[in-house]
Each structure stands twice: as C-alpha cells, then as structure tokens.
Amino acid sequence: MAEIVVSAVVNVLVEKLISGDVMKLARSEGIDSQLKKWKKSLQLIQAVLADAGQKHITQRPVELWLHELQDLAYDIDDVLDDMDTEALRRKLNQEPQASTSTSKLLKIIPTCCTNYTPHNIMYGRKISSKLDEITNKLHDLVEEKNNLGLNVNVKLERSNRTNRRLEQTSLVDESKVLGREADKDALLEKLLGDEACNQNVSVMSIVGLGGIGKTTLAKVLYNDEKVKAHFELRAWVCVSEEFDVFNISKAVFQAVNGKNEDFANLDLLHVALKEKLSQKKFLVVLDDVWNEGYNEWELLQSPFVVGAHGSKIIVATRKTMVASVMNSLEPYNLKVLSNETSLSLFAKCSLDEQNFDNHPSLKLIAQGFIDKCDGLPLALVTLGRVLKTKVNEDEWEELLNSEIWNLRDASDILPALKLSYYDLPPDLKQLFAYCSLFPKDYLFDKNKLVLLWMAQGFLSQSMGNKSMESLGCHYFEELKSRSFFQHSANDVSLYTMHDLMNDLAVSVAGEFNFMLDDRIDINGRTEVFEKLRHFSFVSQPNLVYRQFKELHRAKCLRTFIPVSVGLEHFSTQFCSVDNILVELMPQLKFLRVLSLTYGFIEEVPQSICSLIHLRYLNFSQTHIKQIPEQVSDLYNLQSLLVRDCRRLSTLPVSFVKLINLRHLDIDGTPMLKKMPLGIGVLMGLKTQSKVCIEGANGFKIYELKDLSELQGRLAIEGLDKVIDPTQATDASLQQKKGLDDLVLEWSRIFDDSRNLMVEYQVLERLRPYWCVNCTHLPTLKQLSSLRKLSVKRMHEVKIVGPFQGIALPSLESLEVEDMQGLEMWSTAISFPRLQVISIRECPKIDKLSIGLLPSLNNLFICQCCEPVFKSIAGMSSSISRLRLEDIKGLTQLQGEVLKHLGEVEFLEIRSCDELIYLWESELVACTFLVSLQRLSVFGCESLVVLAEKEVNVGSSMESVREVRLDICKMLESYNCPNNVESLTITWCSSMSCLTFSNLHKLTSSPMILDIPDKGCDYHRPFLNFCLKYLVIYDCENLNSFPHEHLQSLTSLEEMTILYCRNMDYSFPCGLWPPNLKKLEIGCLKKPMSEWGLQNYPTSLVTLVLYGKDSAVVSFEVEENASNATSKSFLLPSSLTYLSIEGFKEVESLSEVLQHLTRLENLQVYSCPKIRDLPESSSSFEGKKNPKTDSTNGDCPNPFFFNRFSFCFLIPIPFSNHSLRWLVMEHSINNSSTVGTGKANEDVRAVVNVLVEKLIAVDLMKLARSEGIDSQLKKWKNSLQLIQVVLADAGQKHITQKPV
C-alpha cells in the first residue's frame, strides 16, 4: 500500500527541486542538470499517481512499482536534504552579509567554530555517484510506468479535493450510543443487582467482534451515575494483548489509591492493593482482554477477593474462552446493530440528522453501505465521518462502488476502515501511517506527536501563515474527527487509537516502518531492515543485543524511538541499548528523529555530529551532564528536549548556530544555570522552558525581546541580577500571547547586593507576578489568560485592590499564603471561572470585599479571622468542599453563613479552639446543609456539642454518610443519624454520651451510651440503620455501650473499640452485629480472660486483639470451649486473619492453630513468652528474599527491621489448615523487654505528652512574646494529625517498610 504516502513525498520533492538555495548550490557544483532531470521525471510520475492509487488495489505490479517509487523517493529526499544542509552551512560560515539575522549570529559564534575548511571543494564529487544511481533508478521507474499503462488523465478525485473542515461538535457523543439501550439496561441490572453468588466479587464479560462497541458500552456503564453511586471504588484498565499482571494490578491500585506509588515486587503491590479493596464495594473494568491462561488470571484476581459483597469486574473481550477462563457469569454476547439502528447511526455521523427522511436520494446508497458494514458501529461511524465531507450523490456512489470492498488480503482489515483511510488527503495518510510505530493502547500526547511529524517533514511550511505546529494540531484534530484517534478513557488530555485502527496503520505503513517487541523474531528478515526508514521498540527487560545489532543493515533509518504502554519508565529496562546505539550511530547518518529517553546514558557520543539530518533529539530523563559542542553543527535541529536531566549543567557555546531550533525544553534541570550566548536571536523558538539571568557577560532579560513566538511555560530564574529595570520592559512579556505558565524567580539569599527598589520596578514592568517586599500589587489587567495565581510571603503588603470590572476572566485557582501584614482585600470584581480559593496565614485581614464567585467549589481558609470566611462564603452558593483551620473568632457556624452552604459535600473544621458549637441546632443544619456527605472535626478543644440547642433529637442530616470526631477533648455528646455509614470518634476524653437516632421512628427514644450516673436506655432496637464502620478509640470516660442491641446493627461490617477503660464491665456479653466481618478490640475495663464464650457471627474473618492487662494465658477455639481454662480466650473458627498484641503470659499458639483451618495470615506482636518463636534471627539464614528473588511467590519480604524490634515472616509447618504465612515480632537481642507493640505505645505516649506541652500557657505566652507562636501551633496541628494515625501505623509498619 505504498500509494498511501508516496504522493505526499513526491509533492514535497518537486517543491524542494525548485528551491533557490538547493539549485544555487547545484549550479556551483555543476550538478544542476541532474536535478532538472529529477524534477521532470517526478512530474511525469506525479501525473499518474492518482491512477496508480486506484489500480494498485487490484494490480500487484502497480503496487510493487509504488513500493519501489516510495523507496527511491526517500533516497532522493535524503540527497536533497543533504544539499540543503550544505547550502545552509556555507551561508552560515561564508556569507555574513546575506541577512541581518545571519550577521547577528556570526558575531556571536566563536571563530573556532566558523573556520573555513575544504569541505565544499569535495562536496560535488562526493555525491556525484549517488546522483547517477538515483537518476538511473528514476529513469527505470518512468519507463516501467509506461509499461504499466498508467493513465495521466485520471482526475485526482480523492487526493486533491479540498474537503470541508469537519465540525468538532458534529460527532455523536459516544456516551449516547444508539441501539444499545437494551444492552445497557440488561448489563446495569446485572451490575447493580445482588444476584445469588457465593463469592463477594463476580465477573461479568462483554463478548463481541472487534469494532462492535464493547469498549464504548463498557465506558457508558462505567460512567453511569447509578454505577458511580453504587460502587465505592472504580478502576479502568486497558489490558490489550500482553496480560502483564504487575502492570494491571498497579493500574488498579493507582486508580483506587488516587496517586502513584512504587513497589519492589508483585507481592508488595498485591498486599497494598488488597488493603485498599478490603471490605469495599468496587468496580474494575478490564478492557480488551486476550489472555486465555488460567494461572495469570488467578494471580491477578487474588487481591480482589477481599472486596465487599457485590463487587464486580467487567471484562471486554473478543473471545468467549477468555470469559470462561476468568470465571465469568454467563457471557453477554454483544450483537451487531439492527438495520434500523445502523441507518440511524449512519445518518447521525454522515448528515448530523436522525434519519434520511430529508435525503431520500441518499437513503438507497446508505443502505448499500449498511449492508457492507455488517452492523459494526466502528465501521459505520468511521465511514459516516468520511461521507460527511462528501457534498453530492455522485461522491457517495463512487465510494460505494470502490474496488476496496472486494479487496481480500491477509491483513483482515475491515474494508470500511480501508475506505476511510484511502479517502484521506495525502498529507494525512503519511501522518496516520507514522503512528504504526506505536503499540496498541499507546497514550498519544498530541503536541509530542506533532513534533515527530514535523521532524519527518510531514508538515509543509507553505500553508499560508499557519506554523508547522498549528498545522500539525489541525491535522491531528481532523484525524480525530474521522475516528482515527479517540480520547483516552482515563485522561481527556491524551488520546488512544482503536486496535483495528492500529492494525490498519501497520498494514498501510508496510515495510518502511517497524516496531520491535518481544513477539517479533527478526532472524532471517534482512530485507525488512534494508528498506526500513522508521524504527521503534517497546521497552522490555528481554530485549537483546542481537536484535538491535541488526539495525546496522538499516543504513537509511530516519526514526529511532523507544515506546511503552506500561506504567513504569524505561530506566531499568534498556540500559544496554545506549551502548548499542553509540556503536550504530555513525552508520545511521540519515536519522531525523533520535530519542533515548529514560536511558542510563551519561555522555552524548561525539559522533552525533554526523547526524546532519537530525530534527528531533530527545535525552529527557537521562544522566547526561552536558550537550557536546558538536550538537551545534546540527543546523536542521528543530526540537532539543532534555527535560528532567538532573545532572545537566552545560549547553554548547555555539548553540546559536541552531537557527532552525523551535523547541528547547530544559525544564527540570537544576544544575543548568548558564544560557548559551546569543540564544535571544533564535527567533523561531516556540518552547524555551527556562532562562537564567546572569551578571557580567551572561544572559540578560532583554534578550527575550525578539522571542515573540514563545508558548507554554517559561521560568525566569535569577531576576535579582537585573540591574536596570528598563531591561524588564524590553523583555516584552506582555506581547508573548502564547505563554500560559510563567514563573518568575528571585534568589532567596538577601545580602547587601540586593536593591529592593530595583527589584520592585523589575516586577512592575514584568507585571505577571510579584515579589516578597512589594507594598501593593499591580492590577493584572493584561493577564486575561491567567489560570492560577499564587501570592505568598509578601509581608509588606497591607492592601490588595481595589480592582473593578473583570480583571482575571480565566482565573481558576487563587492561593494567598503567609501574608502577615495584609489587612484589607478589596476586589469587588467578578471571577467567573474561579474554582479554588486557598487563604492561609493572613491573621490581620479584617476587611474583605470580593465579587461574585459563581464557579467556586473548593474553599480552604487557615489561620485567618472569621470575617474572611463569612465574606467569601456569602459570595458563592456553589462551594462543595469547605475546609476551615484555626479560624480566630469562630465560635459557631451561624445560620446566615449556613444558608450559602447548600452545595457543600465535605466539611472539615480543624484546630478552631474558640468553637463551642458547630451550629445553633440540628434542625438548622438539616435545613441548610442538604448536600453534606462527609463531616470531619479535628482538634477543636472547646467544642462541647455539635448543636447548641437540641430541639428535636429525631431530626438528622439525611445526606451525611461519614463523620469523624478527633481530639475534641471537651466534646460531651454526639447524636449519630441513622444514615451515617462510617463513624469515627478518637481521643475525645470527655465524651460521655453517644446516641443513635432513627429517622423512620422519630418518636422512638435514641440509644444512649452514657457515663455512670446518667443511666442507659437499652430498650430500643436500631431500625433501618446504615452504619457499616464504627471506630471508638481512647475515649476514657465512655462508660457504657449498647451491647444488648448490637444484633440490630445489620449493616455493621467493621468495628473498632480500643482503650475505653471505663467501658461497662458487662461488655462484651456475646451479642454481635450479625454481618460483622472485622473486629478490633482491647484495653477495656473487663479483662479478656473473663469474656467467656462470645458466639461470634460466622461472617467474622478478621480479628485484631490488644491484650494489655488481659490476664490471658492461652487461646482456644469456641468449639472446644469445654477444654478452655479460666484464663483462656476463645477464638472463632471462621477467621482468615488474626493479629494479637501484648499478650504477655501466652506461651503457645501451635495447638489453637490446628483448629483455625481457614486462617491465612497470623501476626504476633510483643508476646515474649510464646515458645513457637525462633530463638534468634539466625534461624532464618539462607532463606530467599522475595525483594530480590521472584521465586517466593506470594510471600512478602521475610526480613525487615525498625529501631524497636526484629520482625520476620515464616512458612507454617502445621497441617490441615490454609495458613501460609506468619508475621512474628521478637526483640533483636532475644530479650522480652522490647517489642513492636510496646514501642508503638511508647511513641503514642511521647506524642501525647508533646501535645500537652504545646498547649501549656507559660510556653505559649513566651512563644507569643518572641513571635514564634505560629510555628508551635503548626507543631501542635501536625502532631495531632500524627496522633490520629498512630494506631493504624502500629499495625502497618510490620508489613510496610515505609511506615
């Protein structure tokens, strides 16, 4: 299918052959007659390409002729590019009078870099033999053209027709698919239903042909609002042909965790994932699955089994066997669209109408297309978008009768997709074919792809005033509008290509493009490399030297790039490639694109100077320390990318010779502090991510003046070195309209050399941002595109404003921090797009006037006065997330403020020490906070109760799902609504009464947890209660607990009750929530040795026991209660996870483990007398560490240390049960005095003491007098945050090294 790109290449060659510089050089070398022959021959060939483009579909000789022409066209282009480069070299070195810009360059370039050499004397002789060879080949092709009978009179119907610009809004939204309503409803019923299943997690599969709409339907389900509300966690993973368990697991973890983390091996990853999914109802979509291996699936799904009942996995696959292997419920076979639906979809895509009623003449033709597309949505949509550019009936008929429908080959590409491809203009064809270098499911960044296209010469510079980058983006959007690209499911800024489109790209690219991966064997494929022009390889551990060594045959290679679809970088996977490329580089002299991103390369080879055709050079995230001087001789270079090269410190001195450079990305290069001389005259620069202002003869800020094309991000470092403020004016930043991310940086070192007045004047003339010692702010009127504004540490500023009108119409985020002198903020202007406001450490603001904030959804105010909060809240009714911390004067959220908070879903109040009540009454809160779902109150030491007036304890906030009350030492009571699903109360030492209301029984008495003298009401059951998670920790005055009614809490799955030492002596009494799955309990008033038979529910699988002062000497299972002693603790036999800590008198576990037949994980902390423990760590010498040895299977790291104890994990020799691994703790010196549990308690005790000290009156009085009280308050807040998580850390640090 060589016709795809050859016509575009030939057009470019003809243009080059009439170039003034090339022909001038040719005449000087006496080779102009050769080039004239080339032009004449190519024009003859041009005339028949339209006919060849049609005939090659059915005539093999024509196809072969086009392949030969394509190969020769590349050779011609290489020669012409070589001549163009030679002409440029001579102009730079010998003709300073040619232009003003050239003259400027030569004044800057050191003479050592411009010395005349006899190179040009030999040039004509050097290339003459190559010219003769090409002339002969071209002559042969012209002769063969005549023999093939190619017609010059064929109209260029497809190739040269000017298509209408496709409307971006004309395409049907893929979330509103046609004809799949019944499929969606059926799958939703399965997805949301609670079908009978003996497992918590079930698998649903969508099976169907490629292009039938499996992924689209899965997306519709995944984004359905009911689905979002039904599942607590969701993850989408595109699996594709390689079923990589690690990468798939990590993608799921990243989705549910919200951020990326690194794991040394699969086991550590699965342990972390299992913890995230435990008892959570989740949905995981595995799209495009091909794996038929049962073992791989078993390994992948092992962490999923801990999910809550009703969790689902959706698998989209073409193969029924895949669904069977994955234990799917009955596969849902997706059928092709009906004829009626196909017609409707086709009309929507081709005409933007619901049907063909208004186009009866086209309906019959459309039916022909429907019949040929066989009801496949992808084919219908793609073909419909092709026809969208056709304006009459004849054009529709032409496509319907195309020979492509009858074409049969081994590629198995849908004819409709081929037809859509052949309809592309020649320029777009070569752009699409280039994408064959990227694997399936690759995430395309539009701007990065455009740079590669540009480097290959695909983007002609003769398109009016449009830059190559703009033209590339224009072309990309047109390909997207024709369905060749589509938005990524997880990131709308990135794009993917459907698998069938990827197959099409590989098919049409033919022998000139090649992507190497672990499934391709290159042995005996010499011919592949001889014509190869574009090469990529998929990063992987098992790429071998031999495979790359074969590239020495690809002497005309133009592209060398690594690609990947995995989540990991390449850094550990192709370090050997660097050395191979160094060896090959001198032979690959026609490279246009060279990328070594993420490699271990430390030094750029000197031989890079031979790559004179290079346009794109990418060393990002490598270890290079300098760019050698030889790079300056790459006159054609357009893009030099060294982002995140942390060791890079030097650029070439004669960098200025790179007169074609358009993109210099040096972001993330902290060692680079010196700019090359004269960089300011490279007027074509569009990306210059950083400049460093220098003194003496270094870079000056005014050198930015002529860089008017700059776009994207620009960081200006060293502004304190600007001596003359007029230079800042000369930089003309206001004229650089393409900048959307600007960072201005002064040194943090203040000494006598600094002139604050000059620095302010520099700032004022630059305008965008401001510096530390300003006393007022500029009006910012020119920054109409500004999205994020940060104002920090400007202690001298007292007043902001007044501003009027709409000063910042695009502003989305406003951050004001550490403005100690700020007293008034007056911006009575509209911020129509402002979404986030963060105001911190502005203690003196007492007057704040701000305009309407219609888009505000996230408000954070910290260490400010109450008027700041009231003023902002009063100007917006759209706030969904509100966080208040250390607000002076805030004693209660008044009704006048609450009425503006109807959209708040998350309310967090921290360290507001004057807060006594949250609101006047619960009834008032219910009236206004109608959307509140999460409430968190932390460290408010004066808070007594949430509502000042309890008019009706039956009223409650129906929307609330999660409540946290932490370190509120004066809090006496809380009334928990029955709709709350998660309740956490920690370190509330005065908590005396916890009540549970029932919304459906408003007259019922609430359940009461009370201290001794107030009595308890245990007579009302918990009806219709939603509580799933209950945590009560270190509430020392909580005396009683409604244990007699725990069986009414049917939704409760996890319960933690710890360190409540005044709890009623009768608890526990053997009554538990019937569906309880996890219980964490201990350190109560009643010793564990006296608990007796507890009748735990059979659902209980996780039990964590804290045995301090428990008097327990042994463990037994409940079924053997008759064998128990008076000091035994009875365990349920249903456990799969058991953790015990602080049982000082227990000596053995082996006997009870024989009866815990389901136990999989046992953790033992600070139990010094257990004789099952090994005597020392030497017992485990020689065991393999799974961190470095993958043969350990699912075993976590068996050896890990902390400052307190030595912990290890060993296989259990006991028989007849499923326990596989045991975590045990023992002191390093084999003594019994130090243990993890003890250490954890010690840390908690120290932190508690520190918090008490930080609220001491004398200490804080001294701190205020010295002006350091704000620091100590930060310490207190941080330590209180740490207090809350210490219990959890005490568990996790055993298995998680970072903890």
Side-chain angles (χ1 to χ4, degrees), residues 2 5-49 52 65-95 98 117-148 150 152 456-457 460-462 512 530-531 533 555-558 587-592 610-615 635-636:
V5 293
V6 72
S7 56
V9 175
V10 169
N11 292 341
V12 171
L13 293 180
V14 172
E15 288 184 14
K16 285 188 175 183
L17 284 167
I18 59 176
S19 164
D21 290 340
V22 170
M23 292 308 296
K24 182 178 178 181
L25 174 67
R27 283 191 293 271
S28 70
E29 298 295 326
I31 57 176
D32 54 320
S33 60
Q34 293 271 57
L35 269 58
K36 289 177 181 178
K37 290 179 183 178
W38 290 8
K39 183 180 73 171
K40 183 177 180 180
S41 297
L42 287 171
Q43 287 175 330
L44 287 173
I45 289 171
Q46 241 182 344
V48 300
L49 280 180
W65 181 80
L66 286 170
H67 274 269
E68 292 301 319
L69 176 60
Q70 178 81 63
D71 189 39
L72 184 60
Y74 280 129
D75 288 343
I76 295 174
D77 188 43
D78 288 337
V79 171
L80 294 180
D81 196 59
D82 192 284
M83 295 178 66
D84 200 33
T85 304
E86 174 64 15
L88 178 59
R89 187 191 69 81
R90 294 186 182 185
K91 179 184 291 188
L92 282 173
N93 291 345
Q94 299 299 324
E95 302 175 16
T117 67
H119 173 87
N120 58 340
I121 299 176
M122 305 294 296
Y123 184 76
R125 189 182 308 168
K126 183 184 72 173
I127 67 169
S128 61
S129 60
K130 184 65 176 177
L131 295 179
D132 292 339
E133 179 186 346
I134 290 176
T135 301
N136 293 333
K137 287 184 178 181
L138 198 53
H139 178 267
D140 292 342
L141 284 174
V142 172
E143 289 296 317
E144 192 174 353
K145 164 190 74 72
N146 299 330
N147 297 332
L148 291 172
L150 297 177
V152 299
Q456 296 300 336
S460 173
Q461 290 179 303
S462 60
F512 301 105
E530 288 181 349
K531 290 189 176 182
R533 293 314 198 282
K555 298 184 183 301
C556 298
L557 200 65
R558 292 174 165 225
Q587 302 176 48
L588 304 179
K589 60 182 179 180
F590 294 109
L591 279 176
R592 264 77 166 170
S610 64
L611 306 182
I612 62 172
H613 301 275
L614 207 60
R615 264 81 170 170
Y635 306 130
N636 292 306

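Along the sequence shown, residues carry numbers from 1. Only this structure's heavy atoms are used, side chains among them; waters, hydrogens and symmetry mates stay out. These numbers come from a predicted model, not from an experiment.
Nearest heavy atoms, L141 versus W65: O-NE1, 3.0 Å. Between L611 and L588, the shortest heavy-atom distance links the atoms CD2-O, 3.0 Å. The shortest non-hydrogen separation linking D21 to A87 is O-CB, 4.0 Å. The heavy-atom pair separating S41 from V142 by the smallest distance is CB-CG2, 3.8 Å. Closest non-hydrogen pair, L42 versus V10, comes out as O-CG1, 4.0 Å.
Checked against salt bridge (Lys or Arg N to Asp or Glu O under 4.0 Å), D75 has the following partners two or more places apart in sequence or in another chain: R533. Under the side chain to side chain contact (heavy atoms under 4.5 Å, CB included) criterion, N636 pairs with D81, T85, R615, N660, sequence neighbours left out. Remark: S610 engages no residue in a side chain to side chain contact (heavy atoms under 4.5 Å, CB included) (not counting sequence neighbours). Residues that satisfy the side-chain hydrogen bond (donor to acceptor under 3.5 Å, both in side chains) test with D77, not counting sequence neighbours, are K16, R558, R592. Listed by chain and number, the residues in a salt bridge (Lys or Arg N to Asp or Glu O under 4.0 Å) with K145 amount to none (sequence neighbours excluded).
Note that the CD atom of E144 and the CD1 atom of I45 stand 10.0 Å from one another [nearest 0.5 Å]. If you take CD on E29 and CZ on R27, they are separated by 12.5 Å, rounding to the nearest 0.5 Å. The line from CG of L138 to CG of L69 is 8.0 Å long, rounded to the nearest 0.5 Å.
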So M83 and I31, side-chain contact (heavy atoms from CB on, under 4.5 Å) or not? Walk me through it. CA-CA 11 Å; M83 295 178 66; I31 57 176; 3.7 Å; yes

Under the side-chain contact (heavy atoms from CB on, under 4.5 Å) rule, what do I612 and R89 come out as? Steps first, then yes or no, please. CA-CA 10 Å; I612 62 172; R89 187 191 69 81; over 6 Å; no

Steps toward salt bridge (charged side-chain N to carboxylate O under 4.0 Å, His left out) verdict (D78, K130): CA-CA 11 Å; D78 288 337; K130 184 65 176 177; over 6 Å; no

Assess the residue pair L17 and L80 against the criterion (side-chain contact (heavy atoms from CB on, under 4.5 Å)); give the C-alpha distance rounded to whole Å, side-chain angles, the decisive distance to 0.1 Å, and a yes or no. CA-CA 8 Å; L17 284 167; L80 294 180; 3.6 Å; yes

Just do the ring pair (Phe, Tyr, Trp, His ring centres under 6.0 Å) check on F512 and Y74 with the steps written out, would you? CA-CA 10 Å; F512 301 105; Y74 280 129; 5.5 Å; yes

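Proximity of K589 to H613: side-chain heavy atoms (C-beta onward) are nowhere separated by under 4.5 Å. With a 4.5 Å cut-off on side-chain heavy atoms, V9 and I76 do not count as touching.
Ion pair D71/K137 not flagged as a salt bridge, since none of the NZ, NE, NH1 or NH2 atoms sits closer than 4.0 Å to an Asp/Glu carboxylate oxygen.
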Let me check something: any side-chain donor-acceptor pairs from residues 32-40 under 3.5 Å, sequence neighbours excluded? List them with distances.
residue: Q34; atom: OE1; partner: T135; partner atom: OG1; Å: 3.2
residue: Q34; atom: NE2; partner: D132; partner atom: OD1; Å: 2.6
residue: W38; atom: NE1; partner: T135; partner atom: OG1; Å: 2.9

